[in-house]
Amino acid sequence: MTTDILADLNSKQREAAETIDGPLLIIAGPGSGKTRVITHRIGYLVRVCGVTPYRIAAVTFTNRAARDMRQRLVPLLGPGIKDLVAGTFHSFCAMILRREGQAMGLDRNFAIYDDSDQVELIKRCMKEVDVDPKRFAPRAIQSRISGAKSQLLGLEGYAAAGKDYFDEIVLRVYERYEQLLTRSAALDFDDLLFKTHALFEKVPEVSDKYQNRYVHFMVDEFQDTNVAQYAIAKHLSQKYRNLCVVGDPDQSIYSWRNADIRNILSFQTDYPEAKIIALEENYRSTQTILGAAGKLIASNTQRVEKDLWTSNGTGVPIVVNECYDAPEEAQFVVKEVMNLQDGAYALGDIAVMYRVNAQSRALEEACLRYGVPYQLIGGLKFYQRQEVKDLTAYLRLVANPTDDVSLTRVINVPARGIGRRTLDELTRIARDASISMYSAIEGLVGANENGGPADVAAGALAARSVKALTDFRNLIKELAAKSEELDLIELIDLVLQRSGYKRYLVEEAERGEERWENIQEFRASARDYLVMGIREALTAFLESVSLVSDVDTMEERADAITLITLHQAKGLEFPVVFIVGMEEGLLPHLRSMDDPSEMEEERRLCYVGVTRAKERLFLLRAFRRGFRGSSEPGLPSRFLADIPEELIVTPGRSASGGSKQAGRQSVSRRSIDTVTRRRVTDGASDQDPVMPAVTTGDKVRHAKFGDGIVVSRVPSGTDFEVTVAFKEGHGVKRLLLSFAGLEKVE
DNA sequence: GCGCTTTGATTTTTT
DNA sequence: ATCAAAGCGC
């Protein structure tokens with residue numbers, strides 16, 4: 001039994017999985033089988049030690065990581081897996097607060113404000129407390145407030161610590177911000193952590209309940225946790241002291257989001273008895289890649305040395321190349337991709353990574369031009385799109401009408417004659433009475449219906465404005481009432497119809513068609529929630545909308561290359577990796593230049609990128625790069641200088657014109673052959689596409705409906721639902737991919 | 001109150 | 001280059 005589960009672990013991994021009593025720190029280098037250790041450790045706990053999954057919590061950095069973990073655990077835990085808590089800190093805390101938050105006066109239907117909601121609210125606060133948004137960037141204030149919460153200072157702590165002039169300003173906004181959040185029954189991202197911690201501190205019954213429950217608590221990506229997260233982990237494992245944290249200080253890349261690498265040090269002082277296990281064997285990369293990574297990270301001074309090694313072969317040299325500008329760099333990538341594809345690789349084996357999202361543009365254009373299918377992660381995030389946010393705001397209002405940010409967002413979308421004047425007046429009333437804007441409307445409407453001439457509140461508003469507000473209130477009321485009898489999809493349809501949003505999009509809005517399609521995609525994503533009761537479904541759906549990121553929904557596709565930021569790439573691996581924009585000012589980024597510790601973080605970011613690669617790595621830079629219109633020459637990244645020359649091959653400067661293909665091609669060819677042999681012996685084909693690789697925009701043929709174009713593709717259970725627009729009067733059809741028998745046509 | 005034009009600023013990374 | 005906020009005429 002015992003040997004069964006841990007059989008395929010190496011001795012260190014095995015030791016980590018078997019250490020189940022007391023605090024444990026696992027330092028896991030890149031590619032060292034970290035996820036494997038975590039899942040096997042859980043499997044061992046359940047299968048061998050007889051711990052019920054209900055008593056285990058595993059917190060990961062992304063939902064995607066949690067999903068992967070669950071998937072791998074299914075064969076080990078069977079149906080018991082549903083009792084295992086596996087999620088991000090934020091979703092874990094949201095769950096606790098929904099369940100227990102009333103103990104400290106929290107509304108069960110609290111809204112969750114994401115980043116942009118926060119900034120909206122902060123702008124409004126600034127107006128109210130008379131802080132000029134031109135002198136002080138709302139974003140900067142938001143980041144201070146976020147910092148205060150992440151470090152568990154909160155308003156009081158911040159007030160006590162604050163010193164300089166800017167702090168004074170922030171404090172004024174912060175105070176109002178908290179009032180408005182409370183008034184809106186809303187929590188921001190940081191509150192999810194901050195309030196959970198506060199709940200544990202203030203309400204012993206709740207604290208006891210969860211401390212008793214979690215006999216084993218595990219934290220993944222520990223190097224990227226903040227003070228609040230660590231405090232919560234500590235708190236929950238106080239009783240059993242079985243806290244297992246896994247991380248790699250060299251991959252800490254989120255200090256800007258208040259992640260505190262010192263947590264690793266604190267862990268060792270907080271738990272002096274902790275066992276520390278380092279996983280140093282790398283199963284992922286070639287010696288060449290690992291060697292380059294090692295040299296790269298060795299230049300950091302603030303680090304604990306590690307001895308990473310691999311028994312993999314040497315592999316092929318790293319390709320370093322300079323191109324003239326970003327478009328040429330992108331073209332180089334695409335040409336190489338085409339070479340690799342004829343050789344040994346599928347498109348899904350290839351990723352292109354970059355420092356800033358803006359760099360994806362040139363890459364997309366090149367892919368489009370040469371017909372290379374790509375999958376862009378992040379960028380203009382789906383849930384951040386205007387139409388999706390608008391619809392979400394309506395749904396949030398149905399769940400919680402006191403949500404001021406959502407109300408302000410859609411009260412006049414589509415236009416209903418509620419303009420700035422009315423809105424200003426409404427804000428004033430709400431402020432004076434310390435109530436939400438929705439309640440303010442209720443008040444106005446009530447006063448108006450009673451026909452009181454001494455109607456002080458509405459005095460400043462025209463009758464037609466009051467009428468418009470009344471109509472809006474009735475709309476929300478109606479939606480809320482009807483929502484009880486509908487399912488989530490029906491509710492969405494009702495919202496779209498009754499609010500006039502559908503008509504607005506289709507008939508008047510710019511790019512209406514495209515945006516309507518996004519709405520359709522969003523609507524389809526609600527499908528997963530139909531099994532629950534409407535109320536529960538609505539809350540869960542809204543929560544996932546706020547808490548789910550783009551990497552989370554990333555599909556493993558064999559038929560497209562992946563374009564992704566270095567940050568998002570953490571935790572992923574690809575046989576072939578291109579890192580573009582290896583230039584001073586970009587990687588390392590300009591903003592890190594004057595701070596040595598930020599510079600070290602840039603280096604770690606680069607290290608993360610390099611260590612994503614299994615077999616082939618390309619490091620590219622452009623001689624000059626466009627920046628907001630103009631274009632400026634740049635210098636090669638200092639990180640390139642850290643990589644030993646013997647690990648590098650340079651195709652030669654790709655000067656304009658001429659026969660630049662020849663030399664490069666021969667290098668590529670030879671290298672691919674080497675790799676091909678290895679891959680064949682591995683016998684590992686990680687993808688077996690049973691279904692045709694059909695994606696949005698593809699031309700397809702159906703036996704009955706003929707030719708059409710794929711409008712959208714949405715996961716649906718283990719299958720995909722594709723929406724296809726067919727020609728010749730067959731119209732738009734929704735089909736399940738596995739049954740549709742679609743054939744791709746060119 | 002609405003919609004057009006002008007002006008001005010602008011984020012690096014994301015749960 | 002791009003987008004949001006402010007200003008202005010209807």
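Because only heavy atoms are used, hydrogens play no part in the values below, and waters and symmetry mates are left out as well, while side chains stay in. In what follows, chains carry the letters A, B, and so on, assigned in the order in which the sequence lines appear, proteins first and then strands, with residues in each chain numbered from 1.
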Between A:Ile377 (CD1) and B:dT14 (P), how many Å, whole number?
11 Å
Within this structure, what is the CG-to-P distance between A:Leu590 and B:dT12, rounded to whole angstrom?
9 Å
Quick check against the 3.5 Å criterion: does A:Arg638 have a side-chain atom that pairs as donor or acceptor with the backbone of A:Glu584?
no
Does A:Thr565 put a side-chain nitrogen or oxygen below 4.0 Å from OP1 or OP2 of B:dT14?
yes
Separation of B:dT10 P from A:Lys134 NZ (nearest whole Å):
10 Å
Under the criterion of centre distance below 5.5 Å and interplanar angle below 30°, is A:Trp256 classified as stacked on the base of B:dT13?
yes
A:Glu600 and A:Arg603 ion-paired at < 4.0 Å
no
Between B:dT14, B:dT12, C:dA4, which one does the side chain of A:Lys123 approach most closely?
C:dA4
Spacing between A:Met599 atom CE and B:dT13 atom P, to the nearest angstrom
17 Å
Nearest to the A:Arg355 side chain among B:dT15, B:dG1, B:dT13, which nucleotide is it?
B:dT13
One thing to verify: whether A:Glu128 and A:Arg124 come together as a salt bridge, which I'm taking to mean a side-chain N less than 4.0 angstrom from a carboxylate O.
yes
A:Leu461 atom CG is separated from B:dG1 atom C1', nearest whole Å, by 13 Å
Judged by each residue's nearest nucleotide on DNA chain B, which is more toward the 5′ side, A:Arg591 or A:Ala415?
A:Ala415
Among B:dT15, B:dT11, B:dT13, which nucleotide sits nearest the side chain of A:Arg139?
B:dT11
Hey, does the Lys NZ or Arg CZ of A:Arg473 hover above the aromatic six-ring of A:Tyr438, less than 6.0 Å from the centre and inside 45° of the axis?
no
Counting the atoms with a prime plus P, OP1 and OP2 as sugar-phosphate, which does A:Phe61 contact under 4.0 Å by heavy atoms, base, sugar-phosphate, or nothing?
sugar-phosphate
Separation of A:Glu365 atom CD from C:dA1 atom P, in whole Å?
13 Å
Give a yes/no on whether any side-chain N or O of A:Asn258 is located under 4.0 angstrom from OP1 or OP2 of B:dT14.
no
Pick the closest DNA chain B nucleotide for A:Tyr254 and for A:Pro133 by heavy atoms, then say which residue is nearer the 5' end.
A:Pro133
The nucleotide from C:dA4, B:dG1, B:dT15 with an atom nearest the side chain of A:Ser465 is B:dG1
Main chain of A:Ile418, side chain of A:Asn412: is a donor-acceptor contact present, judged purely on distance under 3.5 Å?
yes
Whole angstroms only, please: what is the CG-C1' distance between A:Leu586 and B:dT13?
12 Å
Where each residue is assigned the nucleotide of DNA chain C containing its nearest heavy atom, which of A:Arg420 and A:Arg361 is assigned the position nearer the 5′ end?
A:Arg361
Between B:dG1 and A:Arg421, is there an OP1 or OP2 to side-chain N/O distance shorter than 4.0 Å?
no
Is the distance from OP1 or OP2 of B:dC2 to the nearest side-chain N or O of A:Asn412 less than 4.0 Å?
yes
May I ask you to check whether A:Tyr607 and A:Phe639 place their ring centres under 6.0 Å from each other?
no
Kindly indicate, with the supporting measurements, whether the criterion ring pair (Phe, Tyr, Trp, His ring centres under 6.0 Å) is fulfilled by A:Trp256 and A:His567.
CA-CA 12 Å; A:Trp256 52 273; A:His567 280 90; 5.7 Å; yes
Using atom C1' of each nucleotide, how far apart are B:dT13 and C:dA4 to the nearest Å?
22 Å
Interatomic distance, A:Asp115 CG vs B:dT12 P [rounded to whole Å]
14 Å
A:Gln568 side-chain N/O to B:dT14 phosphate OP1/OP2 under 4.0 Å
yes
Hey, is A:His589 doing a stacking thing with B:dT12, by the 5.5 Å centroid and 30° angle criteria?
yes
Quick one: is A:Thr422 getting a side-chain N or O under 4.0 Å of the B:dG1 phosphate, OP1 or OP2?
yes
Give a yes/no answer on whether the side chain of A:Asn357 brings an N or O atom under 4.0 Å of OP1 or OP2 in B:dT13.
yes
side-chain N/O A:Thr62 vs B:dT14 OP1/OP2, d < 4.0 Å:
no
